[in-house]
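Heads up: the structure comes next, in structure tokens.
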Amino acid sequence: MAQWYECFDCRNLSPISDGDNQSPEERKCSTCGTTHGQVISHERMKDGLEAGVFFNIDPRTGKRAKKKR
């Protein structure tokens, strides 16, 4: 499974491709470009989504996206 980069500055999660050969210390946020973050596993990201730690933002409204039925 793919890993994710959690940025502490802009509070975004971005997927890391399996072909990316950078070490965790060299990783940068794809949104803001800072290196102030951490690499997390897919399982931790999934658990965080279920617990409400991470959530989807609806780009039309800028607020949390509603769960699909």
Find out whether Ser14 and Trp4 are in side-chain contact, i.e. whether some heavy atom of one side chain is under 4.5 Å from a heavy atom of the other. no
Do Leu13 and Met45 make a side-chain contact, defined as non-hydrogen atoms from C-beta onward lying under 4.5 Å apart? yes
Looking at residues at least two apart in the chain, or sitting in another chain, which of them share a side chain to side chain donor-acceptor pair (under 3.5 Å) with Thr34? Asp9
Check for me, please, whether Ile40 and Phe8 land in the same ILVMFWY cluster - side-chain distances under 4.5 Å, paths through other members count. no
Does Ile16 offer a backbone N or O that forms a donor-acceptor pair with the side chain of Tyr5 under 3.5 Å? no
Would you give the length of the straight line joining atom SG of Cys7 to atom CD of Gln38, rounded to the nearest 0.5 angstrom? 10.5 Å
Supply the atom-to-atom distance Arg44 CZ to Gln3 CD, rounded to the nearest 0.5 angstrom. 11.5 Å
